[in-house]
Chemist: 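Following this message is one structure expressed as C-alpha cells.
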Amino acid sequence: MVPESIYMLKKKYIALFRLSIVIIIIIILFFIPIYTLELKSFSDGDIVFSQKVQPGDKFTLKYTHSVALTPVWEIFIIDKDYQIVLIETDFLDHGAGLPYTTFENEIFTEEEGRFKIKNMHRIMPNPIYYRIGAIRENIFYFKDEEINLSSSVGDNLITIEIGRINIFNYIVGGSM
C-alpha cells in the first residue's frame, strides 16, 4: 500500500504538470503571432482577401496602364520583418507614366517580350493604398489564387497590408 503522503505528492505533481500544459497552451494561443496579407475595401473595411503569410511569400498586382493601355505587373515579396517589398516591375511598352530608369542596384532588362526592372528593394508603407478601376483589369495573384479586383470591388480604393493576429483569433476568425 502506498503511503498517503506519496499519493498526495504524486497528485500535486500531476496537477502542476496539467497547469503547466494549460499555461503553455495559453501562451501559444494568445502570444504567438500569425501574420496575414489582407486586402480590404477602404470605404467600409470589408475584407477582399486574407491569407496567412511568411517571409519569402510573393504576390503580384497586374493592371492596365491608363495612358499606354498595356498591362503592368508589380511583384512584391514579404521580407523577414513582414514588410511588403516591391522587387520587380514588368511592362510591355515605354510611355508617359511608365518606368523609365533604375535606381541604386536595380537592373533594367528586356525578357520574355517585356521590359523589366529587377533587383528592386522598395519597402512599401503599411498599408498600401491602391486604387482599383472597374475597367483597368486590376488582378491580384497570390500562390495559386487569382482575384479580379476590378470585377469584385469595381471603382474603389483598397488597402493592402500585413496584419498581425494571435493564433486564437486566427482560428476563430477575429482580430487582435
Side-chain angles (χ1 to χ4, degrees), residues 13-64 71-91 99 103-107 114 116-134 136-176:
Y13 282 121
I14 289 173
L16 282 173
F17 177 74
R18 287 180 179 160
L19 180 62
S20 298
I21 295 296
V22 168
I23 290 171
I24 289 169
I25 290 170
I26 289 171
I27 289 170
I28 289 170
L29 287 176
F30 292 97
F31 296 102
I32 295 181
I34 298 276
Y35 293 89
T36 57
L37 176 63
E38 299 174 347
L39 281 65
K40 297 179 190 175
S41 170
F42 179 75
S43 59
D44 57 18
D46 284 349
I47 295 175
V48 176
F49 174 85
S50 181
Q51 178 83 31
K52 183 178 153 213
V53 291
Q54 59 189 12
D57 283 346
K58 291 181 182 179
F59 68 92
T60 301
L61 295 170
K62 177 189 170 261
Y63 62 92
T64 300
V72 176
W73 296 266
E74 295 176 319
I75 301 159
F76 301 86
I77 193 166
I78 309 303
D79 75 4
K80 66 179 177 51
D81 298 318
Y82 291 93
Q83 298 178 104
I84 298 172
V85 180
L86 177 63
I87 60 168
E88 184 176 318
T89 298
D90 300 2
F91 49 99
F103 300 96
E104 297 179 13
N105 297 323
E106 297 174 354
I107 301 165
R114 298 182 190 177
K116 297 183 177 195
I117 297 180
K118 298 175 112 178
N119 204 36
M120 299 172 82
H121 188 83
R122 298 182 188 179
I123 297 172
M124 305 306 291
N126 193 35
I128 299 169
Y129 295 93
Y130 193 71
R131 174 65 60 191
I132 304 299
R136 292 289 164 227
E137 296 181 32
N138 293 94
I139 312 272
F140 169 77
Y141 301 94
F142 181 77
K143 296 184 179 179
D144 294 332
E145 290 193 56
E146 176 181 319
I147 299 173
N148 185 325
L149 298 171
S150 294
S151 63
S152 63
V153 300
D155 290 319
N156 203 344
L157 181 66
I158 66 168
T159 58
I160 302 169
E161 65 186 307
I162 300 296
R164 183 176 176 220
I165 191 170
N166 63 40
I167 293 174
F168 175 79
N169 285 328
Y170 180 77
I171 291 169
V172 298
S175 61
M176 199 172 212

Chemist: For the atom pair CG (Leu86) and CD1 (Ile123), what is the distance rounded to the nearest 0.5 Å?
Modeler: 11.0 Å
Chemist: Nearest 0.5 Å, please: how far is CD1 in Ile87 from NZ in Lys118?
Modeler: 9.5 Å
Chemist: So do the side chains of Asn166 and Ile32 get within less than 4.5 Å of each other, counting heavy atoms only?
Modeler: no
Chemist: Under the side-chain contact (heavy atoms from CB on, under 4.5 Å) criterion, do Tyr170 and Thr36 qualify, and how do the steps go?
Modeler: CA-CA 9 Å; Tyr170 180 77; Thr36 57; 4.1 Å; yes
Chemist: Would you name the heavy atoms of Phe140 and Leu61 that are closest together and state the gap between them?
Modeler: CD1-CD2, 3.7 Å
Chemist: Between Ser43 and Asn156, is there a side-chain heavy-atom distance shorter than 4.5 Å?
Modeler: yes
Chemist: Yes or no on side-chain contact (heavy atoms from CB on, under 4.5 Å) for Leu149 and Leu39, after CA distance, side-chain angles and deciding distance?
Modeler: CA-CA 10 Å; Leu149 298 171; Leu39 281 65; 4.2 Å; yes
Chemist: What's the verdict on side-chain contact (heavy atoms from CB on, under 4.5 Å) for Ile158 and Phe42, showing C-alpha distance, side-chain angles and the deciding distance?
Modeler: CA-CA 5 Å; Ile158 66 168; Phe42 179 75; 6.0 Å; no
Chemist: Of all heavy-atom pairs between Ile167 and Ile28, which one has the smallest distance, and what is that distance?
Modeler: CD1-O, 3.4 Å
Chemist: Classify the angle between the aromatic ring planes of Tyr35 and Tyr82 as parallel (below 30°), tilted (30 to 60°) or perpendicular (above 60°).
Modeler: parallel
Chemist: Testing Glu106, Glu74, Glu104 one by one against Arg122 for a salt bridge (Lys or Arg N to Asp or Glu O under 4.0 Å), which residue passes?
Modeler: Glu106
Chemist: I need the minimum non-hydrogen distance between Pro33 and Phe31, along with the two atoms involved.
Modeler: CD-O, 3.5 Å
Chemist: So, using side chain to side chain donor-acceptor pair (under 3.5 Å) as the criterion, who are the partners of Gln83 when residues are at least two apart?
Modeler: Asp79
Chemist: Return yes when atom CG of Asp81 has more than 12 non-hydrogen atoms of other residues, nucleotides or ligands closer than 6.0 Å, and no otherwise.
Modeler: yes
Chemist: Any non-hydrogen side-chain atom of Tyr63 less than 4.5 Å from a side-chain atom of Ile139?
Modeler: no
Chemist: If I take atom CD1 from residue Ile75 and atom OG1 from residue Thr89, how far apart are they, to the nearest 0.5 angstrom?
Modeler: 7.5 Å
Chemist: Which pair of heavy atoms, one from Asn126 and one from Ile160, lies closest together, and at what distance?
Modeler: OD1-O, 4.1 Å
Chemist: Answer yes or no: is there a donor N or O on one side and an acceptor on the other, between the side chain of Asp90 and the main chain of Trp73, under 3.5 Å?
Modeler: no
Chemist: Can you name the closest pair of heavy atoms from Ala134 and Asp155 and give their distance?
Modeler: N-OD1, 2.7 Å
Chemist: Can you tell me how far apart CG (Leu37) and CZ (Phe142) are? Round to the nearest 0.5 Å.
Modeler: 6.0 Å
Chemist: Evaluate whether atom NZ of Lys143 has more than 12 neighbouring non-hydrogen atoms of other residues, nucleotides or ligands under 6.0 angstrom away.
Modeler: yes
Chemist: Which donor-acceptor pairs under 3.5 Å do side chains of residues 47-60 form with protein atoms, sequence neighbours excluded?
Modeler:
unit_1 : atom_1 : unit_2 : atom_2 : d
Asp57  : OD2    : Gln54  : N      : 3.0

Chemist: Under 4.5 Å between any side-chain heavy atoms of Glu161 and Lys40, yes or no?
Modeler: yes
Chemist: Could you go step by step and tell me if Val85 and Phe76 meet the side-chain contact (heavy atoms from CB on, under 4.5 Å) rule?
Modeler: CA-CA 5 Å; Val85 180; Phe76 301 86; over 6 Å; no
Chemist: When rounded to the nearest 0.5 angstrom, what is the spacing between CD1 in Ile84 and CE in Met124?
Modeler: 8.0 Å
Chemist: At their closest point, which heavy atom of Asn138 faces which heavy atom of Ser150, and how far apart are they?
Modeler: N-OG, 2.7 Å
Chemist: Quick one: which of Ile26, Ile25, Leu19 gives a side-chain contact (heavy atoms from CB on, under 4.5 Å) with Ile23?
Modeler: Leu19
Chemist: Drop me the distance from Arg164's CZ to Ile34's CD1, to the nearest 0.5 angstrom.
Modeler: 11.0 Å
